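Heavy atoms only: backbone and side chains are in, while hydrogens, waters and symmetry mates are out. Bear in mind that the values here come from a model prediction, so they are computed numbers and not experimental data.
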Amino acid sequence: EDLKRKYTKDQTIKLMPNSSKIRELFRKENIEFSEDRGTLEVYPHESLEKTIRAIIDIASSASVKIERLCTSTPSLEDVFIKITGRQLRD
């Protein structure tokens, strides 16, 4: 658990919006996120619940449909990738 806290964010929210304009709105609202192939990964500054509510409010006010939204907690594999920059191999 210490390694996870040291090298990764505690929890993240992944979502797939149907519009790119949500990215500009997130920037405007200072919501920290990264993007990978159309999926946005949001890093909560406040509680997970408050951040999800903010995402939904922003999307709703801009008429942006969120195709998928899920939360995740980092794994030891995430730590390995963060440190080495490589995936684990079988």
Side-chain angles (χ1 to χ4, degrees):
E1 293 302 313
D2 291 339
L3 282 173
K4 291 179 193 177
R5 277 192 289 281
K6 183 176 179 179
Y7 290 101
T8 62
K9 304 284 185 179
D10 286 334
Q11 290 187 310
T12 59
I13 303 163
K14 293 183 180 183
L15 61 133
M16 292 180 68
N18 71 343
S19 171
S20 61
K21 72 178 165 181
I22 199 165
R23 292 163 188 75
E24 289 304 316
L25 296 169
F26 281 179
R27 288 184 188 101
K28 196 178 207 182
E29 296 293 326
N30 294 317
I31 294 177
E32 184 183 354
F33 70 95
S34 63
E35 183 175 9
D36 184 28
R37 291 177 254 156
T39 298
L40 301 182
E41 191 166 347
V42 177
Y43 311 105
H45 288 288
E46 298 184 62
S47 74
L48 190 65
E49 293 80 13
K50 284 184 180 180
T51 305
I52 291 171
R53 171 56 43 207
I55 289 168
I56 291 169
D57 289 346
I58 290 168
S60 178
S61 69
S63 299
V64 172
K65 181 179 176 187
I66 296 176
E67 304 285 333
R68 190 178 95 163
L69 185 143
C70 63
T71 61
S72 65
T73 304
S75 67
L76 287 176
E77 183 177 359
D78 295 324
V79 173
F80 181 84
I81 293 167
K82 180 76 172 177
I83 293 171
T84 65
R86 298 176 180 213
Q87 296 279 344
L88 290 173
R89 294 194 179 109
D90 295 336

**Student:** May I ask you to list the residues sharing a hydrophobic cluster with I66, side-chain cutoff 4.5 Å, ordered by chain and number?
**Tutor:**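 Its cluster mates, by chain and number, are I13, L15, I22, L25, F26, I31, F33, L40, V42, L48, I52, I55, I56, I58, V64, L69.
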**Student:** Can you name the closest pair of heavy atoms from G38 and P17 and give their distance?
**Tutor:**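 Nearest heavy atoms, G38 then P17: O-CD, 4.0 Å.
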**Student:** Check side-chain contact (heavy atoms from CB on, under 4.5 Å) between S20 and all other residues, then give those that pass, not counting sequence neighbours.
**Tutor:**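 With sequence neighbours excluded, S20 shows a side-chain contact (heavy atoms from CB on, under 4.5 Å) to R23, given in chain and number order.
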**Student:** Between K21 and E24, is there a salt bridge with N-O shorter than 4.0 Å?
**Tutor:**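 No, this pair does not count.
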**Student:** Cut-off 3.5 Å, side chains only: do T51 and Y43 have a donor facing an acceptor?
**Tutor:**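 Short answer, no.
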**Student:** Would you compute the distance between atom NZ of K50 and atom NE2 of H45 and round it to the nearest 0.5 angstrom?
**Tutor:**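 Between atom NZ of K50 and atom NE2 of H45 there are 14.0 Å.
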**Student:** If you take all heavy atoms of Q11 and T73, which pair is closest and at what distance?
**Tutor:**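 Here Q11 and T73 meet closest at NE2-OG1, 3.6 Å.
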**Student:** Would you compute the distance between atom OG1 of T12 and atom CD of E41 and round it to the nearest 0.5 angstrom?
**Tutor:**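 Here the interatomic distance stands at 4.0 Å.
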